[in-house]
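Every value quoted in this text rests on a predicted model; they were computed, and no experiment measured them.
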Amino acid sequence: QVQLVESGGGSVQAGGSLRLSCAASGGTFSTYHLAWFRQAPGKEREFVAAISRSSIEKYYADSVMGRFTISRDDAKSTVYLQMNSLKPEDTAAYYCVGSDRDYFAEQDMGVNQWDFWGQGTQVTVSS
């Protein structure tokens with residue numbers, strides 16, 4: 001069974017940066033498409049960024065485009081989310097997700113289309 005463990009969350013002032021990491025175990029990491037979701041208090045879980053198993057395709061939510069970068073290191077079975085120019089509205093619990101499905105398109109980034117979920121790491125951005 002695949003396990004995903006996030007790390008790197010914390011508290012930062014607006015304009016600052018954080019890098020989230022998500023380490024996977026129990027499966028074949030290189031075969032997974034991976035993504036990050038987030039959930040703020042009182043809000044629904046929302047898509048943030050995704051990367052294909054080949055690393056060629058990447059998708060971002062409009063709200064983080066140009067500020068966040070998703071990447072992966074298959075040798076370390078780890079996916080990253082570099083977050084720059086953080087805003088208070090980025091405050092949320094961030095979740096790493098994965099899937100071994102074949103398809104990977106921008107319209108396939110829904111919450112229910114991912115097979116593996118981490119426990120989440122909290123990011124708090126103060127103004």
Linked, directly or transitively: Val123 and Met65 (ILVMFWY side chains, under 4.5 Å):
yes
Apply side-chain contact (heavy atoms from CB on, under 4.5 Å) to residues Leu86 and Gln13 and explain how you reach the verdict.
CA-CA 8 Å; Leu86 282 161; Gln13 288 192 328; over 6 Å; no
When you look at CD of Gln119, are more than 12 heavy atoms from neighbouring residues, nucleotides or ligands closer to it than 6.0 Å?
no
Would you say Met109 and Ile51 are hydrophobically clustered, going by side-chain heavy atoms of ILVMFWY under 4.5 Å?
no
A quick test of your reading: do over 12 heavy atoms of other residues, nucleotides or ligands sit less than 6.0 Å from CD of Gln107?
yes
Strictly distance-based, threshold 3.5 Å: is any side-chain N or O of Glu6 a donor or acceptor partner for the main-chain N or O of Gly120?
yes
When clusters are formed by joining ILVMFWY residues with side-chain heavy atoms under 4.5 Å apart, either directly or through shared neighbours, do Tyr80 and Val12 land in the same one?
no
Determine, step by step, whether Leu20 and Phe68 satisfy the side-chain contact (heavy atoms from CB on, under 4.5 Å) criterion, reporting the C-alpha distance in whole Å, the side-chain angles of both residues, the deciding distance to 0.1 Å, and the verdict.
CA-CA 11 Å; Leu20 305 183; Phe68 290 12; over 6 Å; no
Apply the test side-chain contact (heavy atoms from CB on, under 4.5 Å) to residues Gln113 and Phe47: give CA-CA distance (whole Å), side-chain angles for both, the deciding distance (0.1 Å), then the verdict.
CA-CA 11 Å; Gln113 294 179 299; Phe47 168 77; over 6 Å; no
Please give me the minimum heavy-atom distance between Leu81 and Trp36, naming the atom from each residue.
CB-NE1, 3.5 Å
Please report the shortest heavy-atom distance between Ser17 and Ser85, naming the atom on each side.
OG-N, 4.3 Å
In terms of heavy-atom contacts, does CD of Glu89 have more than 12 from other residues, nucleotides or ligands at under 6.0 Å?
yes
Over all heavy atoms of both residues, which pair between Ala24 and Leu4 is shortest? Give the atoms and the distance, please.
CB-CD2, 3.5 Å
Can any side-chain N or O of Tyr60 pair as donor or acceptor with the backbone N or O of Ile70 at less than 3.5 Å?
yes
Taking all non-hydrogen atoms of both residues into account, name the closest pair between Ala14 and Ser127 and its distance.
CB-CA, 4.3 Å
Rounded to the nearest 0.5 Å, how far does CE of Met83 lie from OG1 of Thr69?
11.0 Å
For a 4.5 angstrom cut-off between non-hydrogen side-chain atoms, does Arg38 reach Ser63?
yes
Write down the atom of Thr91, the atom of Gln122, and the distance for their closest heavy-atom approach.
CG2-NE2, 4.0 Å
I'd like to know if the side chain of Arg53 and the backbone of Ser30 have a donor-acceptor N/O pair within less than 3.5 Å.
no
In terms of relative ring orientation, are Phe104 and Trp114 parallel, tilted or perpendicular, with 30° and 60° separating the classes?
perpendicular
Could you go through the side-chain contact (heavy atoms from CB on, under 4.5 Å) check for Trp117 and Arg45 one step at a time?
CA-CA 12 Å; Trp117 286 77; Arg45 201 163 289 190; 3.2 Å; yes
Give a yes or no on whether the backbone of Ala50 and the side-chain of His33 come within a donor-acceptor separation of less than 3.5 Å.
no
Is there a path of hydrophobic side-chain contacts, each under 4.5 Å between heavy atoms of I/L/V/M/F/W/Y residues, joining Val111 to Tyr59?
yes
I'd like to know if Val64 and Val97 are part of one continuous hydrophobic network [Ile/Leu/Val/Met/Phe/Trp/Tyr, side-chain heavy atoms within less than 4.5 Å].
no
Salt bridge present between Asp90 and Arg67 (N-O < 4.0 angstrom)
yes
How would you list all residue pairs meeting disulfide bond (SG atoms under 2.5 Å apart) that involve residues 44-113, not counting sequence neighbours?
Cys22-Cys96
Taking Asp115's backbone N and O only, do any of them form a donor-acceptor pair with Ser99's side chain (distance below 3.5 Å, no angle check)?
no
Contact summary for Asp100 and Phe116, nearest pair of heavy atoms:
N-CE1, 4.4 Å
